[in-house]
Every structure is written in C-alpha cells, then in structure tokens.
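Naming: A, B, ... by sequence-line order, numbering from 1 per chain. Keep in mind it's a predicted model, so treat the numbers as computed, not measured.
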Amino acid sequence: MSVDLLSDLTPIQREAVECTQGPLLVLAGAGSGKTRVITRRIAFLLQQGIRASNILAITFTNKASGEMRHRVETISPGNRVFVSTFHSLGARLLRQYADRLGIDKNFTIYDTDDRNKLVKQALEALNMDDVKFTPERIGGAISKAKNQLQTPKDFERTANDFLSQTVAKVYYGYEKRLRAANAMDFDDLLYLPALALRHNEELRAELDARFRYVLIDEYQDTNSAQYEIARRLSINYPNLCVVGDPDQNVYRWRGSDITNILNFERDFPGARVITLEQNFRSTQAVIAAANSLIAHNKLRKKKSLITENPGGEPVRILSFENGLDEAEGVVIRIKKTIEEKKHRYRDHAIFVRINALTRSLESAFIKHGVPFQIVKGLAFFERKENRDVLAYLRLIVNPADTVSFYRVVNEPTRGIGKTSLDRLTAYAESHEIGPMSAAGQVAKITDIKGKAATGLKDFARIITDLRASLELPPHEVIRLVLDKSGYRTMLKDSTDDDDADRLANIEELITAAKQFHDEDNNRTIGDFLEQIALASDVDNWDESADRVSVMTLHAAKGLEFPVVYMMATEQGLLPHERSLGKEEDMEEERRLCFVGITRAMKELYLCHSRVREFRGQFLYAVPSMFLDELPRDVERVDGMGNRNTARTAMEDWRTRTAAATLDRPKSPPIAMGSVSTDGEYVNGQVVQHDEYGIGQITDVSGYGALKRVKVRFPAAGEKTFVANKVKMKIVKRN
DNA sequence: GAGGGGCAAATTTTT
DNA sequence: TTTGCCCCTC
C-alpha cells in the first residue's frame, strides 16, 4: 500500500512525505509538485494510523481546501480531514468556542466595505469626521494593527505621529462598535483566535492536542496573526509542516510577512528543510524566462528552477497599438489555435494586474464569440441589490448588526430620512442599545414622528416577523425577505429598465442559496452568509468549463494553464505605478510577474500596447521593465501578426513614441510611469518626493531660483519646495 | 424626506 | 469613463 503513495514521487518529494515527525519546512519552487506532496503527506499520515481528526491542513483559498479534501478522500476513502483556510478556521473556532471566549456565536462577518462604514460611524461619534484621513485609510491602519496582533492599547502606546494617534483613538471606538454589533471583521477571524491561543493556555493545549499534525500551504503569505496560530498549535505536538516559496510572496501589502518562512528554522528548532526545485510544469523556455526575471530581485536568496521538460515554444512578447487591439488580438489568437485544434478554450488563461483591464477583454470575447469566464467570484454578491438582500439576511440572523441596519432600514424607502436616523442613533446611544432595538421602541422616541416613526415601526416588525423563519432553508428565507420587505414590489413596479435585471440577479442569488442548501440540508442562512463572506475570487471559478479564464495575477497563484497571456505588461501597470521607486514594492511586483510566468505550462505570451486608455484618456505606455529582464531569446512579435522585430521592447517603444510625437505635436505624449528630470512642474502633476512619497502639485509660482512648487501629499499635507532644488520625479503629467 | 442634476474624484492587488 | 457625493428643489 505504501508503494502506491510513494512510488511515483521523486526521492526528494518522498522525503517530504515521509518526514512526518517534528517541524518541517518545504521550500517548494513553482510547479515542483507541491500540492501532490501535501496530499500524499496527509494520506501517508492516515496510513501510519494517525486519526483524520488529528490533522489540520490550511490552504490559501476555499477552493483549494475543497480540492484537497476531495483528493485525500479519493486516496484514503472515509477519512474526513479538516482542510480549511485560515479565515474559515478562525470563524469556526470562534463559533465553536464562543461560550468560552465570551462571544455570541451568531456574529456577522464584516467585509472591508462594512468595516469602512463602521469606521466612519466611529469617526462621527467621536466628532472626528472632519479629520483629513479617510475611513478607508484609518480602517486599513486598524487592519494592519490587528494583523500584527496589536490591541488598541498596544497601538496607542506606539503611536508617535498624528496619523497613528488618530487611528489609535478610532481603533478603540471601532472595536467597541464591532463588539456591540456582534460582528467580526476579516482580521478578527485571525486576531481573536490568535490572542485566545496566546492567553488561554487551557484552550491552546486542547487545540494543540486536537490538531497534532498541522500543514500549511502558501506559508510565504502568512501574516503575524497566522504565524501565531500556527506556532501555538505546535508546541506540545510540534508536527508542523509548512510549504511555500519566498519568490511567490505577493501579499506583503496585506500584511504577509516573508520572515515567517525565512525564520522558520530559527523559530522551530530542529526543523528539517527540504527544497523542491525541479519543475514539472513548464517548458525550458518558460523556466528560463522565470529564472531570468526573478534573478533581478536583490532582497532574495539565490535559487533557480530546473526542469527536464522539453525546450518548447519560445516565450513571446506581443506588441500592440492600443488596448483594444491588444484585447482583440489575444482573443483572435486564441480562437485561431482552437480552430487549428491545437488547444481547447479551457487551456487558456489571461492574467491582468488590475481588474479594470478585464473590461476590454470582455467585449472582445463577446465580439468574437469566444467563451470565457472572468474569475471574480464576489462581483455577483457585490451588486447593490444582492448586498441589500444579504443585509436583510444578516439582520435577521444578527439584529445587532448596525451596518446592515443602516443599509436597509430605508430600502425600499419608508420615509425615514437622515434626520430621523440621526435622532434614532442618538436615542440608541444614550440608552446603550442598538438601532434595531431602538426602532422597536420608536414610540418612546419623542422627536421621531409621522412617516418616519411609522416607517421605523414597520421595519422593526418586518425584521421581527422574518426572524421567526430563521430556521428555514436560505432560499426560502430570501423569498420571504423579498415579499415582506417590499423589495420585490419596489423593483417590479419600477419604470427603470435596470430594475428588471436587478430582480433577475436576486433570483440568481436565490438559485445559489438553493444549491447551497441542496448540497447539505443542514446548512442555514448563517452558513450561507459565512460562505459568501469568506469566498475568494477563485472559489467560483469553474475549471471544468471549456472557456478561457480571465483573472488577476493574484488570483492565478497556485493554478496552471497550458497557454498563458499576460496583459498590459507596462510600466505603471506591472509594475504598478504605486510601487515605482519603492524597492521592496517593486520586488513584490516582480514576484507577481514571476507567479504569472510560472503558471504557463507550454506557451507564454506577454502583451503590451503603445497606447493605453485610462480614465477616458489615452496615454502612451512604456513596456514593462520586466520585459527587458527576460532572456535574450524571447521573441518580439507584432501582436497583429505583421512583422517580427529584433529590437528590444524599450527601443521599440522609444522609436515609436518619437514618431508618434512628431505626428501629433499638439498633444504631447504622456508616459505612464515615465520619469521626467527637467523639473518642468505643472499644476496637477503627480510627483514622487523622496521623503513624502506621492503627491500632487497644487501650485507653481515664480521663475528661476525663485520658482516654488506647492505639493499636496496624502500623509504630510501641503509642502512648498524650491523648484530647482527639490528632488522629485514627475510620475504622471496631466 | 425624496429624487434628480451637476460636478468632482477615482482605480492595485484580497481574505 | 464611471461612480459617488453634495446640494438643490419639490
């Protein structure tokens, strides 16, 4: 039997599977058979007599969890191993141990949007809403603090500038509101379990003993809170196996900390380290491109991927005239290879750096009748109508959920305006109750009368009534919500054409809820809401459909495709303009590009175009510097199939831009991400200052040595500089 | 209090 | 280009 599990593995992979005791770090290069190793390892543990309930496997997405669970069950039938993402695990632990942790297990999970709304409420309550920092910014800072396990008190202690001091104040109020709303933000799902494991030794020991064997995939992308969880679960039973690749760390911006993987040996004494560097996925051409690119990262331990695969097609750089040509050119190319029966649609993936780039692709696909799917799972649930319906559901499950309350209390309109809501809020705060409870006793609120009072009373009644149906299957509850809230009538009676679509979308939501329930009859609305809240973009990706997949580079992590196209490999997009000039960010952009490249099994195309439309403006685009970091033998091709050129992408661009400039003297070219050194500052330009970062010029005055430039920075506010002396790069002309 | 018009700002990446 | 916010009118 053990032969079955190990016989088709390489000796080094086999070692990673068989080394079951003690801490183990598997440095797994892209395409080195990582998933296979993890799956086999779990199966091997089971075969060694380890109970399934003693194994915990953490993956990066719910989809990956599902697949791994399925694979393990295929190899070792009847074994239900706990495979989950860190966030799902956190939610599960918080609900399971709610009593011991002193929380209500019916909490709502707040997404980033909800979080920002609550931050805004906290700001308003503190009379700080005139502060110049946006709720998004403050919310982001709070999120970062939680990722680093800083409580409001910890944070306050280290707050030494105006921004952090502001954040510290809001952090307290925000936490108070979150708890009052019986809600958890994304970060809480890691932060609270991590702190519980740190401070509650009894619980920690219990969970450590329950999860004796812990496996963590994509370990390079874990943050401090996740590290804490992993560590605390591996003290009495230090059988912690982490798998990752420092070159694929692409979530630094979200708090992931590369030192988690780099310091593993130090943090877990006696750890074994196994390095998988043979790539089984890609051709030599693709691997050469990946190695050549990533070698340009300086803050990195040198390593290379090797492969015994065939050389394969050369990697190609496709140049296009504009973004529309690019989108169409790629779609046409794909269509052609299908007609030649070389590939199927599903063999193709198109990667983009930012979601906005999927639009032109969408039209091109429709125009040419090529089946495609844009892998952005949440987009559907983020539609206003669906968010509204979900808010009703959340409120039914958890009436304390203030964000949902304010979202739907007047949707459809019930004659409740801002003034009445302000009064309701004031009443609720002074009586230390939630707005939902306050609405229930609106008769006692003397300054709310007439339509508003009736509306609030009706609303309270609707929610109370609906709560009686809490136990019904999710799709039936949604139907009741639609009928009782008046939402259906509102859309039905509307004269707006779009409202018919909205109703159709809600019907689709109902179908999704029904499917969810059909898969498992025990599932409740709460489960439905949790699944939506914790879904990642790729979770809804249908990999069996014969369609071209379009997704962001981030979503592509962990996947592979025979043919890969990367769109808009241009300065300002990849690397993204927000990373320009910041070395660590630039290296992350390069890793992102590396991730994209290493998804390709057989063919890889890197596209860029000369002109890119941006916010309704046409800008000249510089080919990505990363293209010049590829091996000499990549082919440079005119994307529309006209001619080949041996020039580098950079040279190509320079020549063409020069020509274009002559063609159109009246509209000077604007180069995204290009750098001007002539110091010709103009009002409105976006500049990068060495110390203050990105800012925008608000005023230019004087001449020569007296010339002054005033720049507004998001953090530092307005500063005035001597134009001839200040060191600033012009990031974008206007 | 609702709704429409006009103007400004905005676009990384995501659990 | 699109979205969201503010202000004004009914």
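- Residues A:D187 and A:S143 have side chains that bring a donor and an acceptor to within less than 3.5 angstrom of each other.
- To the nearest angstrom, P of B:dT14 lies 15 Å from CZ of A:R115.
- Residue whose closest nucleotide on DNA chain B sits further toward the 5' end, between A:A452 and A:K376: A:A452.
- For the pair A:L573 CG and B:dT13 P, the computed distance is 11 Å after rounding to whole Å.
- For the pair A:N355 and B:dT14, the criterion of a side-chain N or O lying under 4.0 Å from OP1 or OP2 is met.
- A:D537 comes within 4.0 angstrom of sugar-phosphate atoms only, judged by non-hydrogen atoms across all strands, and of no base.
- In this structure, A:D388 does not pair ionically with A:R502, as no charged nitrogen and carboxylate oxygen lie closer than 4.0 Å.
- The aromatic ring of A:W253 stacks onto the base of B:dT13, its centre lying under 5.5 Å from the centre of the six-membered base ring with the two planes under 30° apart.
- Checking B:dT15, B:dT12, B:dT14 against every side-chain atom of A:I354, the shortest atom distance belongs to B:dT12.
- A cation-pi arrangement is present between A:K557 and A:F60 under the rule of less than 6.0 angstrom and at most 45 degrees off the ring axis.
- Taking atom P in both C:dC6 and B:dT11, the straight-line distance is 15 Å, to the nearest Å.
- Relative to the side chain of A:R578, the nucleotides B:dT15, B:dT12, B:dT11 differ in distance, and B:dT12 lies closest.
- Atoms CD (A:E136) and C1' (C:dC5) sit 13 Å apart, rounded to a whole Å.
- Closest to the A:H554 side chain, of the nucleotides B:dT14, B:dT15, B:dG1, is B:dT14.
- Geometrically, A:R523 engages A:F516 in a cation-pi contact, judged by NZ or CZ lying under 6.0 Å from the ring centre and within 45° of the ring axis.
- A:Y251 comes within contact range of the sugar-phosphate backbone alone, with a heavy-atom separation under 4.0 Å but no base atom that close.
- Among the nucleotides B:dG1, B:dT12, B:dT15, the one closest to any side-chain atom of A:T419 is B:dG1.
- Within the 4.0 Å cut-off from OP1 or OP2 of B:dT14, not a single side-chain nitrogen or oxygen of A:S536 is found.
- One donor-acceptor pair, N or O on each side, does fall under 3.5 Å between the base of B:dT13 and the side chain of A:R353.
- Taking the charged nitrogens against the carboxylate oxygens, A:E228 and A:R232 do have a contact shorter than 4.0 Å, which makes a salt bridge.
- Picking from B:dT15, B:dG1, B:dA2 the nucleotide with the shortest atom distance to the side chain of A:T85 gives B:dT15.
- Heavy atoms of A:L189 sit nowhere under 4.0 angstrom from any nucleic acid atom.
- In this structure, the NZ atom of A:K418 is 13 Å from the P atom of C:dC5, given to the nearest Å.
- Here the nucleotide nearest the side chain of A:R359, chosen from C:dT3, B:dT12, B:dG1, is C:dT3.
- In this structure, the nucleotide among B:dT14, B:dA10, B:dG1 sitting nearest to the side chain of A:S420 is B:dG1.
- Straight-line distance from the CD1 atom of A:I416 to the P atom of B:dA2: 8 Å, rounded to whole Å.
- Distance NZ (A:K117) to P (C:dG4): 10 Å, rounded to an integer number of Å.
- The residues A:E362 and A:K367 are annotated as not salt-bridged, no charged nitrogen and carboxylate oxygen being separated by less than 4.0 angstrom.
- The base of B:dT14 lies outside donor-acceptor range of the side chain of A:T112, with no N or O pair under 3.5 Å.
- In this structure, A:H576 counts as stacked on the base of B:dT12 under the 5.5 Å centre distance and 30° plane angle limits.
- Spacing of C1' atoms, C:dC5 relative to B:dT12, comes out at 23 Å, to the nearest Å.
- When distances run from any side-chain atom of A:R615 to the nucleotides B:dT14, B:dA10, C:dT3, the shortest one goes to B:dA10.
- Of all the heavy atoms in A:L190 and A:A225, the pair that sits closest is CB-CB, 3.8 Å.
- Taking for each of A:T413 and A:T61 the nucleotide of DNA chain B with the nearest heavy atom, the 5'-most of the two is the partner of A:T413.
- If you check every strand for non-hydrogen atoms under 4.0 Å, A:A535 touches sugar and phosphate atoms only.
- Distance from the side chain of A:R254 is smallest for B:dT14 among the nucleotides B:dT14, B:dG3, B:dT12.
- A:N410 has a side-chain polar atom (N or O) that falls below the 4.0 Å cut-off from OP1 or OP2 of B:dA2.
- We find that CD1 of A:I109 is positioned 19 Å from P of B:dT14, with the value rounded to whole Å.
- Here B:dA10 presents its C1' atom at 8 Å from CZ of A:F614, a figure rounded to the nearest Å.
- For A:T552, a side-chain nitrogen or oxygen approaches OP1 or OP2 of B:dT14 to under 4.0 Å.
- Comparing B:dT13 with C:dG4, their P atoms are spaced 15 Å from each other, to the whole Å.
- The pair A:E560-A:R599 fails the salt-bridge criterion, with no side-chain N (NZ, NE, NH1 or NH2) lying under 4.0 Å from an Asp/Glu carboxylate O.
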